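Accompanying notes for the structure given below.
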Protein chains: 2
Amino acid sequence: MNIGEASGASGVSAKMIRYYEQIGLIAPKGRTESNYRVYGEEEVHVLRFIKRARSLGFSLEETETLLKLWQDKSRTSSAVKEIATTHINDLERRIAEMQGMVKTLKHLSHCCGGDNRPDCPILDDLAGESPAKGERAAPGKNPANGESAA
Amino acid sequence: MNIGEASGASGVSAKMIRYYEQIGLIAPKGRTESNYRVYGEEEVHVLRFIKRARSLGFSLEETETLLKLWQDKSRTSSAVKEIATTHINDLERRIAEMQGMVKTLKHLSHCCGGDNRPDCPILDDLAGESPAKGERAAPGKNPANGESAA
DNA sequence: TGTAAGGCTTCCCATCATGGGAAGGTCAAG
DNA sequence: CTTGACCTTCCCATGATGGGAAGCCTTACA
């Protein structure tokens, strides 16, 4: 199986397969005389594993760790679970962050006429001017605002 | 005001201020004889605008558009609202995507013993083997899976 | 058997927003 | 006048992916 076929069988682009090889995630079974990469079922299986991990939002670094654990028959499931849990927490943190943005934006959008006139609470907020009621959207404890620690 | 002071006043790093200048988002009021950038209150205001837009998840490209609209006194609020709405939709799409991942991962994590034994449903799922009940987590209509269109 | 199309190889570049760091000039305080 | 902090520009790195060029190889067809 050459790289194009492996790509078709795994759903991973040839470009990415080469990249994964470059960063040490996967190696072809070998090379033909003319230097073509050769893959077998096992490699395709690994590629699918990577693809699935990526689709669950794991980074390539996390994926690499998971891959090693997968291939390590003596791993403990707790090691795997810990990675997953950390990733879940990370996802949930990012979700909450974006939800805060959405909340603020929806509020501003709701207050914005969206008509032909130029006055716009959205721009006013961005500019730090909140004419209505003299306060920002989501005053004080705005969850979309990670500035304090930055 | 030099770049360090503008950075302190706006909360935008000096590095980023230079970058924003490079991509045409903001220019200093002028330069000193010794080539130092000089900023005034107006520039700091723009920097805060950018920062606020970024904290709401707008890309720099969107931010640039918003900035132009802000400075265009004859803009319509509908033009601004449209950008905001598009951005809200984008955020919500991404949130849903990540929520799908979380849902799947939580299910898998829940099924995983997290003990000293090697058998792990999380790895089984990644490997495409679902021993329990013979099905993948979130069978069929798995929302964490954008593969179909890719 | 010759040729054309398409697949493979490597290498470089771009994205997006941000930070790190080096080399060298400048300013202000001691 | 020195020293340290700040400024300048320039280059590089991140993470994951894609685009494309130049050149070799394979396959299918006439």
Side-chain angles (χ1 to χ4, degrees), chain A residues 1-39 43 47 50-67 87 90-91 94 97-98 101 146-147 149-150, chain B residues 1-39 43 47 50-67 87 90-91 94 97-98 101 146-147 149-150:
Chain A
M1 203 170 6
N2 63 26
I3 201 171
E5 292 161 337
S7 170
S10 65
V12 178
S13 74
K15 209 92 185 180
M16 279 300 102
I17 296 178
R18 294 194 196 97
Y19 174 65
Y20 294 160
E21 178 180 347
Q22 191 192 319
I23 64 173
L25 264 191
I26 184 177
K29 205 169 52 181
R31 297 265 186 158
T32 66
E33 289 176 10
S34 54
N35 206 31
Y36 281 24
R37 289 170 178 83
V38 176
Y39 300 91
E43 284 76 28
L47 287 172
I50 295 171
K51 188 174 187 196
R52 174 74 177 147
R54 295 286 303 126
S55 83
L56 288 174
F58 288 105
S59 69
L60 284 182
E61 199 178 353
E62 288 166 326
T63 301
E64 187 183 8
T65 306
L66 290 168
L67 206 44
H87 181 49
D90 190 50
L91 283 170
R94 288 193 280 158
E97 206 173 301
M98 289 196 284
M101 296 178 191
E147 302 171 39
Chain B
M1 201 168 10
N2 62 29
I3 201 171
E5 291 161 336
S7 170
S10 65
V12 178
S13 75
K15 209 89 184 182
M16 277 303 101
I17 296 178
R18 292 194 197 96
Y19 174 65
Y20 294 159
E21 178 181 346
Q22 191 192 319
I23 64 173
L25 264 191
I26 184 177
K29 205 169 52 181
R31 296 268 185 156
T32 67
E33 289 176 11
S34 55
N35 206 30
Y36 280 26
R37 288 169 178 84
V38 176
Y39 299 91
E43 284 76 27
L47 287 172
I50 296 170
K51 188 174 190 199
R52 175 72 176 148
R54 294 287 301 127
S55 84
L56 288 174
F58 288 104
S59 70
L60 283 182
E61 198 176 355
E62 289 165 326
T63 301
E64 186 182 9
T65 306
L66 290 168
L67 206 43
H87 182 47
D90 189 49
L91 283 171
R94 289 192 281 159
E97 207 172 301
M98 289 196 285
M101 297 178 190
E147 302 169 38

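Quick caveat: nothing in here was measured; it's all calculated off a predicted structure. Lettering of chains follows the sequences in order, A, B, ..., and the numbering in each one begins at 1.
- The side-chain heavy atoms of B:Leu25 and B:Leu60, taken from C-beta on, include a pair separated by under 4.5 Å.
- From the 5' end on, the contacts that DNA chain C makes with chain A at under 4.0 Å to a non-hydrogen atom open and close at C:dG7 to C:dT10.
- Around atom CD of B:Glu5, more than 12 heavy atoms belonging to other residues, nucleotides or ligands sit under 6.0 Å away.
- Side-chain atoms of A:Ser34 lie closest to D:dT26 of the nucleotides D:dT9, D:dC7, D:dT26.
- Residue B:Thr32 is out of contact with every strand shown, counting any heavy-atom pair closer than 4.0 Å.
- Annotation: side chain of B:Glu43 is not in contact with side chain of B:Met1 (no heavy-atom distance under 4.5 Å).
- Sequence order on DNA chain D of the closest nucleotides to A:Phe58 and B:Val38 puts B:Val38 first from the 5' end.
- For the contact set between residues 8-31 of chain B and DNA chain C, defined by any heavy atom under 4.0 Å, the members are B:Ser13, B:Lys15, B:Met16, B:Tyr19, B:Tyr20.
- When all heavy atoms of A:Ser7 and A:Ala14 are compared, the pair lying nearest together is OG-N, 3.6 Å.
- The shortest distance between the side-chain N/O atoms of A:Arg54 and the OP1/OP2 oxygens of D:dT17 is below 4.0 Å.
- Per the geometry, CD belonging to A:Glu62 stands 12 Å off C1' belonging to D:dG15, to the nearest Å.
- For the pair A:Pro28 and A:Glu21, the minimum side-chain heavy-atom distance is below 4.5 Å.
- Checked by atom type and distance alone, the side chain of B:His87 never pairs as donor or acceptor with a backbone atom of B:Glu62 at under 3.5 Å.
- Contact of the A:Leu47 side chain with the A:Lys51 side chain is not registered, since no non-hydrogen atoms from C-beta on lie closer than 4.5 Å.
- When the nearest nucleotides of DNA chain C are assigned to B:Glu61 and B:Glu33 by heavy-atom distance, the more 5′-ward of the two goes with B:Glu61.
- Residue B:Asn35 places no side-chain N or O under 4.0 Å from the OP1 or OP2 atom of D:dT8.
- A distance of 7.0 Å separates OG in A:Ser55 from CE in B:Met101, rounded to the nearest 0.5 Å.
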